[in-house]
Q: 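Take this structure, written in structure tokens, and hold onto it; I'll ask about it next.
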Amino acid sequence: MDKDTILKMTALEAGAAIKEGKTTSVEITKVFLDKIAEDNKKYNSYITVCDDALEQAAKADEDIKAGKLTGALAGVPIAIKDNICTKGIKTTCASKMLHNFIPPYDATVIKKIKAEGMVILGKTNMDEFAMGSTTETSFFGPTYNPWGDNRVPGGSSGGSAACVASDNAYFALGSDTGGSIRQPASFCGVTGLKPTYGTVSRYGLVAFASSLDQIGPIGRDIMDVAAMFNLICGIDEKDQTSTEVTPIDLDKVASFDVKGLKVGLPEQYFGEGIDKDVKEQVMNAVKLLESKGAIVETFPMPIVDYAIPTYYIIACAEACSNLSRYDGIKYGYRPEGVDDLMELYIKARSEGFGMEVKRRIMLGNFVLSSGYYDAYYNKALQAKALIKEAFDKAFEKYDVVIGPVAPTTALKAGESLSDPLKMYLGDICTVLINIVGLPAISVPCGFDGQGLPVGMQLIGKHYSEELLCGITAAFQKETDFHKRRNV
Ligand code: GLN
């Protein structure tokens, strides 16, 4: 098969082509490794490229031939965000703290990927410990968006989105605590799913904010994303918050009809602070659904005003507790020349963590401290209950809630680094979904005046992945935004 055909297929097409003997896992993997070698200086989307990728591919080819591997994605390569533990492969969280950490075990999602016979190409760049929206806080330098000169790819799964958008992978796994799958997918013009909390095991995902974190796929189209979700979802005894899941019926997704679908548009998602072009493109997409028979209505959702403070209080509170394990002793960064234990702790954490991570640890400790706990953390929990109520009410009336993924398209590199509050405000459309554990999809739906991709966000009830994928499939049949590339 020629190189271009290989690079332009979807993951499911690649899996089928391998099975039909039109190509091999080794041939495909080689093409991607060459492409990564060419491109990684430009985009920096990978922190680590697996030096055994071709061996993995050869093994997959052998097992496919022998009839031992029969899955739809056997032999297909994938990229993995660098906060998901991979046995024997560095897992750095883009932090100096873990820059040399080699996990002795696989995350549950990685076990599933290996059992399918997929090939791990490498580990993708991200904001340090998944804290950020631009992939600029990485210890390994920023990732760049293939769509524009000097634009950020979004974050924190910026490497995962950028590698899919630049043909450096068919698809990738990311993690989403407050938008980190959806927002980079939106900035890079690819499709990303943040699954319902609990549907995908978090075992082996380096924890940021455990009640919000969720692993999910970023891909070229919704069929690839849905297939990947089916592969990684399900109950896991190693994650007590994981649940039994009914897999998505891909045939139903492929033939989904939006006729009669009840769509709710929260007013606040189209109000002040949302870029004019973003609004326009999302509204055009909604009109397309309407023209296919969806019934669209606007409704007020004033709780959106509380999204950012609620999220940042809960996320930072959980983060400061989760990150207390990095003490310079068990693993990761160990400072030199210290005289006593206290000095070791202080130096390891002062030198091992970057600015944004330290800011969040301090914020988290502050909102949990006695005297402030009631004023901040408890208030955030109360707001969480109200947010849940608002969505429950919305879903009594609507099958799906639609809005933009982010208020803007991809920012210029450096623009928000100096102004963390500005960066936090960019999370207004995504964080609510994590607070209540809902599923949501980022769907490429157009371009702004500068030619940068715009994403539409579909939000559903708990466990409504199949419906959300169906709507996306119906939309992607009518449009080619998800296929357009700038490479
Ligand atoms: N941008 C958000 C934050 O900085 C979300 C990050 C995430 O989802 N991992 O916290």
Side-chain angles (χ1 to χ4, degrees), residues 80-84 93-95 124-138 142-143 152-161 172-188 192-195 197 200 202 205-218 307-320 322-323 353-364 367 380 404-408 410-411 415-417 419-442 455 457 459:
I80 309 290
K81 187 174 180 179
D82 212 19
N83 59 351
I84 299 174
C93 267
S95 178
T124 57
N125 205 1
M126 52 185 278
D127 282 297
E128 186 181 4
F129 280 99
M131 298 173 186
S133 313
T134 62
T135 313
E136 291 175 293
T137 65
S138 168
T143 293
V152 301
S156 64
S157 312
S160 290
L173 285 188
S175 69
D176 193 313
T177 304
S180 281
I181 288 175
R182 290 159 285 156
Q183 184 256 26
S186 166
F187 280 15
C188 292
L193 163 69
K194 182 261 165 211
Y197 185 77
V200 178
R202 287 180 295 109
L205 169 68
V206 179
F208 162 10
S210 313
S211 78
L212 310 167
D213 296 342
Q214 193 64 149
I215 297 174
I218 296 177
I308 302 288
T310 308
Y311 168 78
Y312 276 92
I313 289 170
I314 295 176
C316 292
E318 293 184 23
C320 79
N322 274 326
L323 269 62
F353 290 136
M355 267 309 293
E356 184 57 32
V357 175
K358 285 183 197 162
R359 183 178 297 125
R360 305 222 185 177
I361 292 174
M362 292 201 314
L363 264 171
V367 299
V405 175
T408 64
L411 303 172
E415 225 177 287
S416 64
L417 261 192
D419 187 353
L421 202 58
K422 186 171 167 195
M423 185 184 77
Y424 297 170
L425 292 174
D427 297 330
I428 180 97
C429 305
T430 46
V431 292
L432 287 175
I433 282 67
N434 301 72
I435 294 171
V436 280
L438 299 172
I441 297 185
S442 173
Q457 184 173 204
I459 305 160

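Order of listing sets the numbers, starting from 1, for every ligand and every atom in it. Computed from heavy atoms alone, side chains included, the values below leave out hydrogens, waters and symmetry copies.
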Q: Tyr311 heavy atoms, cut-off 4.0 Å: which ligand 1 atoms fall inside?
A: 2 (C), 3 (C), 5 (C), 6 (C), 10 (O)
Q: Give the atoms of ligand 1, by number and element, whose distance to some non-hydrogen atom of Gly178 is under 4.0 Å.
A: 5 (C), 7 (C), 8 (O)
Q: Give the atoms of ligand 1, by number and element, whose distance to some non-hydrogen atom of Gly132 is under 4.0 Å.
A: 1 (N), 2 (C), 3 (C), 4 (O), 6 (C)
Q: Going by the atom numbers of ligand 1, which of them fall below 4.0 Å from some non-hydrogen atom of Ser156?
A: 9 (N)
Q: Does any donor atom in the side chain of Thr137 or Glu128 lie under 3.5 Å from an acceptor atom in the other side chain?
A: no
Q: Could you tell me whether some N/O pair between Thr177 and ligand 1 is separated by less than 3.5 angstrom?
A: yes
Q: Of all the heavy atoms in Tyr424, does at least one lie under 4.0 Å from an atom in ligand 1?
A: no
Q: By ring-ring contact (aromatic ring centres under 6.0 Å, His included), which residues pair with Tyr312, not counting sequence neighbours?
A: Tyr424
Q: For ligand 1, which atoms, with element, lie under 4.0 Å from some heavy atom of Ala130?
A: 6 (C), 7 (C), 9 (N)
Q: Is Gly179 near ligand 1, meaning one of its heavy atoms is under 4.0 Å from it?
A: yes
Q: Answer yes if the side chains of Ser175 and Asp213 hold a donor-acceptor pair under 3.5 Å, and no otherwise.
A: no
Q: Check ligand 1 against Phe208 and write out every atom of the ligand that is under 4.0 Å from a heavy-atom position of the residue.
A: 9 (N), 10 (O)
Q: What pairs with Phe129 under ring-ring contact (aromatic ring centres under 6.0 Å, His included), at least two apart in sequence or on another chain?
A: Tyr326, Phe353
Q: So, the side chain of Asn434 versus the backbone of Asp176: is there a donor-acceptor pair under 3.5 Å, distance only?
A: yes
Q: Quick one: which of Arg360, Met423, Glu356, Lys194 has a heavy atom closest to atom 4 (O) of ligand 1?
A: Arg360
Q: Which is it for Asp427 and ligand 1 at heavy atoms under 4.0 Å: side chain, backbone, both or neither?
A: side chain
Q: Looking at atom 1 (N) of ligand 1, what's its closest protein heavy atom, distance included?
A: Ser133 OG, 2.8 Å
Q: If only atom types and distance count, is the side chain of Thr430 paired as donor or acceptor with the main-chain N or O of Gly178 below 3.5 Å?
A: yes
Q: Considering only protein heavy atoms, which is closest to atom 6 (C) of ligand 1, and at what distance to one decimal place?
A: Ser180 OG, 2.9 Å
Q: Rounded to the nearest 0.5 Å, what's the gap from CD1 on Ile441 to CD on Gln457? Could you check?
A: 10.0 Å
Q: Between the side chains of Gln183 and Ser133, is a donor N or O closer than 3.5 angstrom to an acceptor N or O?
A: no
Q: Using distance alone, with no hydrogens and no angle criterion, decide if Ser160 and Lys81 have a side-chain donor and acceptor under 3.5 Å apart.
A: no
